[in-house]
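Beneath this line is the structure, given in structure tokens, with notes to follow.
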Amino acid sequence: MRGPKPMTIVIKLGTSSIVDEKTHEPLLSILSLIVETAVKLHKDGHKVIIVSSGAIGVGLRRMDMDKRPKHLPRIQALAAIGQCRLMSLWDNLFGHLRQPIAQILLTRNDIADRTQYLNAQNTFAELLDMGVIPIVNENDTIAVTEIKFGDNDTLSAITAAMVHADYLFLMTDVDCLYDKNPRTHLDAQAIEVVEDIGALQADVSSAGSSLGTGGMSTKIVAARLATSAGVTTVITRSSNPGNIANIVNYIQSTKVNTPGTNTPPVGASPRKGVSSPLRSVEEPLARSTSSLSMFDGTKEVKVAPLHTRFLPSAQPIRDRYFWLLHGLAPHGIVYIDAGAHKALANKAGLLPVGVVDVEGSFAQQEAVRLVVVDRIPAAAATNGKLWEGTGVEVGRALVNYSATEITRIKGVRSEGIKDVLGYADSEYVALRENISFFERESRPVTPSIEHVRIASETV
């Protein structure tokens with residue numbers, strides 16, 4: 001009889017799961033359980049990656065400082081002090097179980113270059129093949145605002161996409177998402193399965209600890225990124241890391257024991273964006289954990305620990321196309337008309353005739369946002385603006401021309417580029433292989449939460 005399919009599992013731990021918020025002492029009980037869980041998963045044949053915050057928190061303890069400073073160089077210095085002690089702590093704990101680990105420190109600059117992105121991807125693959133558990137963190141020692149991921153929730157999602165993970169676990173101080181704040185509303189209901197994040201209505205008032213940078217809203221953004229890459233994303237309580245293995249086993253058992261070949265995936269519902277296993281679409285969106293049991297005939301298969309599970313996209317965006325969308329920081333905006341958007345959807349490149357406007361300052365081979373707008377006749381234009389409306393961002397592109405050049409050739413047919421510029425490096429503003437679309441507008445736009453909200457409202 002064949003055993004369970006080996007999985008690649010990414011576990012993200014925030015600072016509040018690693019050090020005490022007030023004393024900055026390492027939470028050895030939780031860390032020990034995380035180590036035991038990771039090693040057990042590894043022995044079961046799964047590949048495990050840990051994304052670990054906490055360097056600054058550990059640095060505060062080492063330097064006997066009461067609170068996180070505001071001065072950036074001081075924060076970077078604390079990160080340098082804390083990172084080596086944090087890795088020493090991990091190595092000691094894993095060493096007791098004879099499990100080798102490795103340290104990987106990343107900034108957005110490290111993956112903005114395609115070659116470096118592939119090198120990081122290859123390093124992960126080799127470490128996992130060697131049976132090593134990589135410990136990933138943002139390189140806060142050199143990171144500044146322009147090259148930061150923003151929080152380790154985003155870093156964990158990009159890491160999960162990079163390694164083609166099956167699961168991303170975002171460990172936090174609550175069991176799951178609720179439709180209301182459970183601390184202030186006794187009738188708050190757990191949200192178990194989310195099929196479409198664009199339809200999610202949940203309480204995100206949790207703002208994270210004083211030591212960390214994330215909160216519940218950043219975890220939802222991370223879930224958007226990861227699920228778009230085909231990664232099942234789970235939010236669950238960090239103080240009980242044994243839930244990770246139980247949840248994985250539960251999900252696998254539901255897949256194995258669900259009868260019929262046309263049964264929709266767990267939590268799928270043709271009429272609801274948020275749903276629960278084996279639920280009628282007319283039932284409420286959330287229910288208690290007591291009804292999470294699944295049955296095969298008369299035999300109970302598994303009871304899942306309380307958690308929120310975000311289902312992966314049926315059409316995942318991976319590898320180069322994911323890198324174009326989320327590995328690169330956009331430097332400007334290229335506005336295109338509906339005709340250009342349709343041509344791109346049919347796998348054509350972006351011609352200058354389809355460009356309506358340009359915003360920002362960018363050079364050749366830099367990333368830009370692609371925004372579809374309604375073109376208006378030149379006679380109706382005011383102040384030279386040839387479009388109206390708010391526009392909808394549909395994807396990203398690496399451009400063949402700078403902002404200044406595209407401004408000059410917008411609306412021009414390709415054969416006229418040389419007449420305008422005096423040269424023609426390419427007939428395309430962007431090649432189709434250098435363009436990637438979001439699956440749909442409710443899918444992720446990184447890292448701006450506000451932009452995601454605006455885009456979803458315009459769909």
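Only this structure's heavy atoms are used, side chains among them; waters, hydrogens and symmetry mates stay out. Because the structure is a prediction, the values reported are computed rather than measured.
Side chain of Asp91 to main chain of Met87: no donor-acceptor pair is present (N/O by atom type, distance under 3.5 Å, no hydrogens or angles).
When the shell of 6.0 Å around CZ of Arg237 is examined, it contains more than 12 heavy atoms from other residues, nucleotides or ligands. Within a 6.0 Å sphere centred on CZ of Arg62, other residues, nucleotides and ligands contribute 12 heavy atoms or fewer. Residue Met63 qualifies as open at atom CE: its count of foreign heavy atoms under 6.0 Å is 12 or below.
Considering every non-hydrogen atom in both Ala190 and Leu306, the closest pair reads CB-CD1, 4.0 Å. The minimum heavy-atom distance linking Leu93 with Ser32 is given by the pair CD2-OG, 3.9 Å. For the residue pair Cys176 and Thr308, the shortest heavy atom distance occurs at CB-OG1, 3.1 Å. Of all heavy-atom pairs between Tyr167 and Gln252, the closest is OH-OE1, 2.8 Å.
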### Query
Under the salt bridge (Lys or Arg N to Asp or Glu O under 4.0 Å) criterion, do Glu393 and Arg396 qualify, and how do the steps go?
CA-CA 8 Å; Glu393 184 180 357; Arg396 302 284 168 83; 2.9 Å; yes

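Here the NZ atom belonging to Lys40 is positioned 8.0 Å from the NE2 atom belonging to His46, to the nearest 0.5 angstrom. Distance check, rounded to the nearest 0.5 Å: CD of Gln103 to CG of Asn139 gives 8.5 Å. The line from CD1 of Ile101 to CD1 of Ile49 is 13.5 Å long, rounded to the nearest 0.5 Å.
Ring orientation note: the planes of Trp323 and Tyr117 are tilted relative to one another, at an angle of 30° to 60°.
Note: Phe437 and His341 meet the aromatic proximity criterion, with ring centroids under 6.0 Å apart.
Side chains of Asp110 and Thr107: a donor on one and an acceptor on the other come within 3.5 Å.
Under the side-chain contact (heavy atoms from CB on, under 4.5 Å) test applied with Val10, the options Leu168, Leu170, Val231 reduce to a single match, Leu168.
For the salt bridge (charged side-chain N to carboxylate O under 4.0 Å, His left out) test, no residue two or more places apart in sequence or in another chain qualifies with Asp166.
Between Thr159 and Ile104, the closest side-chain pair of non-hydrogen atoms is not below 4.5 Å.
Pairs engaging residues 126-136 under the salt bridge (Lys or Arg N to Asp or Glu O under 4.0 Å) rule: Lys47-Asp129 [sequence neighbours left out].
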